[in-house]
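Keep in mind that what you see is a predicted model, and the values were worked out from it rather than measured.
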Amino acid sequence: MDETNPYLPPQAEILATDADASRVRYEHLRTESHLKALGWLYLSLAIYQPLATMLRMRFLGRMFGLELDLTRVPYELMIQSAAMLATSLGLIKLHRWGGLLTCLVSIILIVLNLFELPTSIATIVVQAVILRFLLSAKSRRIFSASYTEVIRLTPFIQSPVATWIRPVLLIQAIALALMFWYYS
């Protein structure tokens, strides 16, 4: 006699074939591309912020005639850059810890920027939008363990990086070049 209860809810999502995995992957491909673009944005910010701080310190030193040690970047900025670097690597590779770390970094940045109101309203809004995106159903699905299996079953499907990241990175590069020109 069969002792399985047909009225129990399913215990796990089982993908029967590669076709099911392909269907699921194609449904979430756009969200994957936005998560990877967010990872590239965090990577560029992890590099950009210490450079911008060093240039600003150099400019202020020249303006006031001070001799500043440019090798000493504030430790909180270095911690923030290291967290963004780890976050970006996790997002680009679509690891679960990358999503959790991004949520944690976004919450911390929102709380820290609350102390700098009204100058940090834009940063708070951007971090809140990122947090809302990370907590959406499709993003949570991508960071689940079953989706890792979907990615393993569909190596032929490549998720492109979202197109909005190219102009953002170009604007950042232009801004950094202008800062080098202006501050030197």
Side-chain angles (χ1 to χ4, degrees), residues 1-49 79-114 120-174:
M1 183 169 150
D2 187 33
E3 293 190 21
T4 59
N5 186 348
Y7 300 107
L8 283 176
Q11 299 300 318
E13 184 177 333
I14 299 173
L15 298 172
T17 63
D18 291 344
D20 290 337
S22 296
R23 180 188 52 77
V24 169
R25 184 87 188 267
Y26 280 123
E27 287 174 3
H28 293 81
L29 207 55
R30 181 181 168 117
T31 307
E32 269 186 42
S33 68
H34 287 295
L35 287 170
K36 287 183 178 184
L38 185 61
W40 284 107
L41 178 66
Y42 273 19
L43 180 65
S44 70
L45 287 175
I47 297 167
Y48 178 79
Q49 285 180 340
I79 291 171
Q80 182 180 356
S81 291
M84 285 185 148
L85 182 65
T87 296
S88 67
L89 296 176
L91 283 176
I92 291 171
K93 296 292 185 181
L94 298 176
H95 291 297
R96 179 172 175 78
W97 59 265
L100 295 173
L101 188 60
T102 307
C103 289
L104 181 67
V105 166
S106 293
I107 291 169
I108 290 172
L109 288 177
I110 288 172
V111 170
L112 289 176
N113 284 314
L114 283 175
S120 63
I121 291 174
T123 306
I124 292 172
V125 170
V126 168
Q127 291 298 329
V129 168
I130 289 171
L131 191 59
R132 182 179 179 270
F133 172 66
L134 289 170
L135 295 176
S136 69
K138 284 192 173 188
S139 294
R140 286 193 320 250
R141 172 75 167 108
I142 287 174
F143 291 125
S144 69
S146 63
Y147 198 79
T148 305
E149 182 67 18
V150 169
I151 292 174
R152 190 188 66 74
L153 289 173
T154 56
F156 52 88
I157 300 174
Q158 297 296 320
S159 62
V161 178
T163 56
W164 60 265
I165 194 64
R166 290 182 185 100
V168 170
L169 292 178
L170 181 65
I171 290 170
Q172 277 187 343
I174 291 171

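Atoms CG and OG1, on Asn113 and Thr123 in that order, are 5.0 Å from each other to the nearest 0.5 Å. One distance of note links CG of Leu104 with CG of Leu134; it measures 11.5 Å at 0.5 Å rounding. For the atom pair CD1 (Ile130) and CG (Leu35), the distance works out to 11.0 Å, reported to the nearest 0.5 Å. If you take CZ on Arg132 and OG on Ser106, they are separated by 14.0 Å, rounding to the nearest 0.5 Å. In this structure, the separation between NE2 on His34 and OG on Ser139 is 9.5 Å, given to the nearest 0.5 Å. The distance from the CG atom of Leu91 to the OG1 atom of Thr87 is 6.5 Å, given to the nearest 0.5 Å.
Counting only heavy atoms from C-beta outward, the side chains of Leu41 and Lys36 never approach each other to under 4.5 Å. In this structure the side chain of Leu153 reaches within 4.5 angstrom of the side chain of Glu149, judged on heavy atoms. Counting heavy atoms from C-beta outward, Phe143 and Leu100 have side chains that stay 4.5 Å or more apart.
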Worked verdict on Ser33 versus Val161 for side chain to side chain contact (heavy atoms under 4.5 Å, CB included): CA-CA 5 Å; Ser33 68; Val161 178; 5.8 Å; no

Intermediate values then yes/no, side chain to side chain contact (heavy atoms under 4.5 Å, CB included), Val24 and His28: CA-CA 6 Å; Val24 169; His28 293 81; 4.0 Å; yes

Side chain to side chain contact (heavy atoms under 4.5 Å, CB included) between Gln80 and Leu85, worked out: CA-CA 9 Å; Gln80 182 180 356; Leu85 182 65; over 6 Å; no

Chi angles and distances behind the side chain to side chain contact (heavy atoms under 4.5 Å, CB included) call for Ile92, Tyr42: CA-CA 10 Å; Ile92 291 171; Tyr42 273 19; over 6 Å; no

Salt bridge (charged side-chain N to carboxylate O under 4.0 Å, His left out) assessment of Glu27 paired with Lys138: CA-CA 9 Å; Glu27 287 174 3; Lys138 284 192 173 188; over 6 Å; no

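In this structure, Leu43 and Ser88 approach most closely via the heavy-atom pair N-CB, 3.4 Å. The nearest pair of heavy atoms linking Trp40 to Leu169 is O-CD2, 4.3 Å. What you find for Cys103 and Leu135 is that their closest heavy atoms are SG-CD2, 4.1 Å. For the residue pair Ala37 and Trp164, the shortest heavy atom distance occurs at CB-CZ2, 3.6 Å. Contact record, Pro155 with Gln158: O-NE2, 3.0 Å, taken as the closest heavy-atom pair.
Of the possible polar contacts, none joining the Arg96 side chain to the Ser144 backbone as a donor-acceptor pair under 3.5 Å is found. Checked by atom type and distance alone, the side chain of Arg25 never pairs as donor or acceptor with a backbone atom of Val150 at under 3.5 Å.
For the residue pair Ser146 / Arg141, a side-chain donor-acceptor distance below 3.5 Å is found, with atom types taken as modelled.
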